[in-house]
There are 2 protein chains.
Amino acid sequence: MLNATHNPQLKSWVASANSQTTDFPIQNLPFGVFTSAANSEPHVGVAIGDQIVDLYLLATSGLLDVNASLFAQANINAFMALDQTVWSSTRARLSYLLSNEDAATQAQIEPLLVGQSTATMLLPIKVEGYTDFYASREHATNVGTMFRDPENALMPNWLHIPIGYNGRASTVVVSGTDVRRPLGQLKPPTASEPHFGPTQKLDIELEMGAVVGTPNAMGTPLTVAQAQANIFGFVLLNDWSARDIQVWEYQPLGPFQAKAFATTISPWVVTQEALEPFRVDGPVQQPKPLDYLAQNQASNYDVALQVDINTAASDDTQTISQTNFKAMYWSSAQQLAHHSSSGCAMQTGDLLGSGTISGTTKDSLGSLLELTWNGKTPLTLASGEQRCFVENGDTLTLRGHCQGDGFRIGFGSAVGKILPAHSL
Amino acid sequence: MLNATHNPQLKSWVASANSQTTDFPIQNLPFGVFTSAANSEPHVGVAIGDQIVDLYLLATSGLLDVNASLFAQANINAFMALDQTVWSSTRARLSYLLSNEDAATQAQIEPLLVGQSTATMLLPIKVEGYTDFYASREHATNVGTMFRDPENALMPNWLHIPIGYNGRASTVVVSGTDVRRPLGQLKPPTASEPHFGPTQKLDIELEMGAVVGTPNAMGTPLTVAQAQANIFGFVLLNDWSARDIQVWEYQPLGPFQAKAFATTISPWVVTQEALEPFRVDGPVQQPKPLDYLAQNQASNYDVALQVDINTAASDDTQTISQTNFKAMYWSSAQQLAHHSSSGCAMQTGDLLGSGTISGTTKDSLGSLLELTWNGKTPLTLASGEQRCFVENGDTLTLRGHCQGDGFRIGFGSAVGKILPAHSL
C-alpha cells in the first residue's frame with residue numbers, strides 16, 4: 001500500500017538526496033550500520049543522499065520515538081525484531097523529518113548527519129541463517145543443460161518447489177571485504193584421482209537477498225501473505241562459487257565448501273516498504289503452485305541489476321551483465337513460505353538468497369559459468385583481457401536500482417576483490 | 001593426554017557419582033544449562049551423579065577461578081569461547097573439588113548442588129551453524145543401495161571427501177522437546193503430481209554431534225590436529241528426517257525441508273577431554289586421504305549407542321538398535337578440517353552432526369529407513385505393534401556411553417515424542 005513516504009514529488013532538505021541519480025533519495029531510506037571518525041562504536045543509520053542519519057543520536061535527541069539503545073548496536077536485528085508497524089512508523093517519521101522545511105528541525109538534525117564518504121559500513125545484519133535458492137528458470141535451465149541433460153534441464157521438482165539449500169551464514173560479509181580464493185578438492189574430468197588446490201573456476205552469482213525481520217515459531221508454517229509481511233527488506237548478494245569444487249562435492253547432499261568461503265552483501269538494507277511502488281507480477285506459474293505456495297498479489301520487484309568487473313591490469317570498469325530481478329520464477333515470499341512449510345523456525349536476521357538472476361539473453365546472465373558457458377566462450381574485455389572465470393586481483397561489483405519517476409531506489413553496491421589463494 | 005581427572009579410581013563425595021551405572025561419574029563432568037525451582041535464570045552447571053554443580057554459584061563463592069558472569073548465561077558458548085587451557089583447568093579444579101575429602105570444602109559446595117530431578121535442562125549451546133555429515137560407510141552404502149545403484153552405492157567422491165551439508169540451526173532443540181510431524185511436498189512414485197501433506201515416512205537418524213569451542217577466522221583453514229583441538233565436546237544427536245519429503249526435494253541441491261523441522265540433542269556436552277581414554281583408531285582409510293585430511297593419531301571414540309522406542313499404546317521401552325561411534329569412516333576432526341578447508345569460518349557453538357551411525361548387522365542400523373529397508377520389512381515390537389517409520393505418540397530415545405573400568409562416561413539421552421501434524 002502506497003503512502004506519503006512514496007510520493008515521487010517529495011524532496012529532502014539534504015540536497016544530495018534530490019539528485020536523479022542518487023541511490024538514496026528520500027523515498028528510499030535504507031538501514032545500515034556504520035562507524036565514523038567521530039564514533040568508533042557502531043550505530044544504526046539511514047542513508048539520505050550522500051549522508052547518513054545517525055539513528056542513535058536522533059532517538060537520543062528525542063526526535064525519533066524509538067528506544068535509542070536499539071540503534072547503538074552492531075546490526076539492525078534488534079530493530080527488525082520490532083513489530084512491522086514500528087518499521088513503518090519509523091520510516092514515516094524519518095521521511096517527515098528529512099523533508100520538513102522547518103529550519104529549526106533541520107538545525108537539530110544536521111549535526112547528526114555523517115558523510116558516507118567518511119563512514120565505514122559494517123555488515124548490517126547478524127545473519128542467523130543463510131539460505132540460498134535457485135529460482136531463476138533461465139539459470140536453472142542453463143546449469144541443467146551444462147551439467148546434466150539438455151533435454152531435461154529442469155529437474156522434475158523444479159516447477160513445484162522453490163528449490164533451495166542451507167548456506168553458510170558465518171562467511172556472509174559486507175561489501176568491500178576482500179575474498180580469498182579458496183582451496184578445495186578438485187577432480188578435473190581427465191584426472192583419475194582428486195587433488196587439493198586453489199579453485200580454477202572462481203565465479204560470482206548475481207542475487208538479491210531477502211532479510212527476514214519477523215520470526216515465526218518452530219512448528220508454525222507461514223502462508224505466503226504472512227511470509228511477505230515478515231520480510232524486512234532486501235540487499236544485493238554475490239554468492240561466490242567455486243565451480244570445480246562444487247561439481248566434485250555436490251552429489252548427493254548439495255553444495256558445501258564450493259559456497260562456504262564467502263558471500264558478499266551490500267551494506268544498506270532497502271526496506272520492502274520502499275520497494276512497494278515497484279512490485280510487479282512475476283512470470284505465470286504453470287503448473288499452478290500447490291495451495292500453500294499460492295500468492296494473491298504481485299510479489300516480484302522491478303529491480304534493474306548489473307555486474308561490473310575491474311581487473312588489476314586496467315583502470316576501466318566494464319559491465320558484463322545487465323538483468324532484472326522481476327523475472328524470477330519464485331518470489332521471495334513463496335521461498336520464505338516454503339522454507340517454513342515443514343515447521344522450520346525462521347529468525348530475525350535470516351537471509352534468503354534469491355538464486356542467481358539470469359535473463360534470456362547472452363548479456364543478461366548472472367554468473368560467469370553461464371556468460372562463458374563453463375569457460376568455453378571467454379569474455380573479451382575492452383582492455384583485451386579475456387575472462388573465463390574470476391582472476392586474482394579482479395574486483396566484481398553488483399549494482400541495482402528501481403527506476404521511479406525522477407528518482408531511483410538504489411541498493412548501493414556489493415563489491416569484492418579477489419586475493420590469491422594461500423600457498424599449500 | 002591422560003591426567004589426574006581420568007583416574008578410574010577417583011571417587012566423589014557426591015555418593016551417586018560412584019555408581020557403576022551413573023552416566024556422570026567424576027571422570028565425566030559434562031557441561032549443561034539449567035533452571036531450577038530456586039532459580040528461574042539459566043545457569044551453567046556440571047553434572048555429577050544425580051546432581052548438578054551450579055558453576056555460577058561456585059565461581060561467585062570464589063571456589064572456581066573463572067569469571068562468574070560466564071556461567072549466568074543461557075548457553076555455554078561464552079565459556080567455550082575461552083582458551084582450551086581454561087576448559088582443562090576448570091575440569092581439573094572441578095575434579096579436585098568434587099573428590100576432595102575435606103569436610104569444609106564439601107560443606108561449602110553442597111548447598112550449590114541441585115538435584116537433576118528438580119532441574120529443567122535447556123539447550124546447552126547457542127547453535128551458530130549446524131552441519132550434518134554422512135560419514136558412516138555402512139549408512140552411505142545402505143542409502144545408496146536403496147535409492148541409487150546397488151552396484152555403485154557409494155558415490156565416487158565419498159572415499160575422498162567427508163561429505164556434508166549445511167543443516168538448519170534454528171530448530172536444534174534440547175532433549176524432551178516434542179516434535180511436530182512435518183507437512184511437506186510429497187510425490188509418491190505412483191502419483192503424477194505432488195501434493196502437500198504430513199510426511200508418511202518420519203524417521204530418526206542416530207548421530208553424535210561435535211561442538212566447536214574455538215573458532216577460526218574466515219580464510220584460515222584448520223589442519224586436522226587444529227580441528228581436533230578446537231572441538232569442545234560431544235552430544236547425542238537425532239537428525240529427524242522425513243524421507244518422502246527428502247526424496248522429492250533433494251535433487252540437485254540436497255536435503256532441505258526434510259531435515260529442517262527438528263534436530264534433538266542431549267542436554268549435557270561431554271567434553272573431548274573426558275573422552276580421551278576412549279580414543280580409538282577408526283577404520284583404515286583406503287585410498288589414503290589427501291594431506292589436508294591426514295590424521296596422525298587415533299581420532300575416533302568408542303561410544304556404545306542405542307535407540308529405544310516407546311509407543312503410545314504400550315508401557316514397554318524397547319531397544320531397536322545398538323551400535324558404536326567408533327566405526328565411523330571419517331572422524332569429527334577430519335570433518336571439521338574439511339569444513340574449514342575453503343576458508344570457511346567455524347564459530348564457537350557450531351554443531352557438526354557425524355552422520356547416521358550404522359553398523360554392519362541388521363540390529364545396528366541408525367535409522368528406520370535402514371532397519372525396515374524403506375518400510376519393506378517392518379519391525380515387530382514386543383507389544384505386537386509394527387513400525388515402518390515413526391508414528392504419532394512414539395517417543396524415541398538415543399543413549400550412549402563409554403565403558404570404563406568400573407565407571408562409564410555417559411551422554412544421558414536425547415528424547416523426542418512425536419505430535420500429530422497440524423491439520424491442513
- request: Indicate yes or no: at least one non-hydrogen side-chain atom of B:R168 is less than 4.5 angstrom from one of A:T131.
  value: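 Answer yes - side chains close enough.
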message: Can you confirm whether A:Q257 sits close enough to B:C344 that some side-chain heavy atom of one is under 4.5 Å from a side-chain heavy atom of the other?
response: yes
What part of [X] gets closer than 4.5 Å to chain A, counting heavy atoms only: side chain, backbone, both or neither?
X: B:H339; value: both
X: B:D350; value: side chain
X: B:A258; value: neither
X: B:L293; value: side chain
X: B:Y292; value: side chain
X: B:P221; value: side chain
X: B:Y134; value: side chain
X: B:R181; value: neither
X: B:L183; value: both
X: B:V143; value: neither
X: B:A169; value: neither

Between [options], which shows the greatest number of heavy-atom pairs under 4.5 Å with chain B?
options: A:R180, A:H338, A:H195, A:E193; result: A:H338
options: A:Q185, A:K187, A:M346; result: A:Q185
options: A:G343, A:G167, A:G219; result: A:G167

task: In sequence, state the C-alpha distance, the side-chain angles, and the governing distance for A:Y165 and B:F256, and then conclude on ring-ring contact (aromatic ring centres under 6.0 Å, His included).
output: CA-CA 6 Å; A:Y165 65 100; B:F256 186 45; 8.2 Å; no
message: Any salt bridge linking A:E128 with B:K126? Criterion: basic side-chain nitrogen under 4.0 Å from a carboxylate oxygen.
response: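 Between B:K126 and A:E128 there is a salt bridge, with a charged N closer than 4.0 Å to a carboxylate O.
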Please flag which part of [X] lies under 4.5 Å from any non-hydrogen atom of chain B: side chain, backbone, both or neither.
X: A:V179; result: neither
X: A:H422; result: side chain
X: A:I161; result: both

Among the listed options [options], the residue most often paired with chain A at heavy-atom distances under 4.5 Å:
options: B:M155, B:H160, B:M218; value: B:H160
options: B:A262, B:P255, B:G164; value: B:G164
options: B:G254, B:P215, B:P287; value: B:G254
options: B:P194, B:G184, B:G129, B:P182; value: B:P194

field: Minimum-distance pair of heavy atoms, taken over all atoms of B:S170 and A:A345
entry: OG-O, 2.6 Å
- prompt: Counting only heavy atoms not in B:D291, do more than 12 fall under 6.0 Å of its CG?
  reply: no
query: How would you list, in number order, the residues of residues 237-253 of chain A that have a heavy atom less than 4.5 Å from chain B?
result: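 Listed by number: A:W248, A:E249, A:Y250, A:Q251, A:P252, A:L253.
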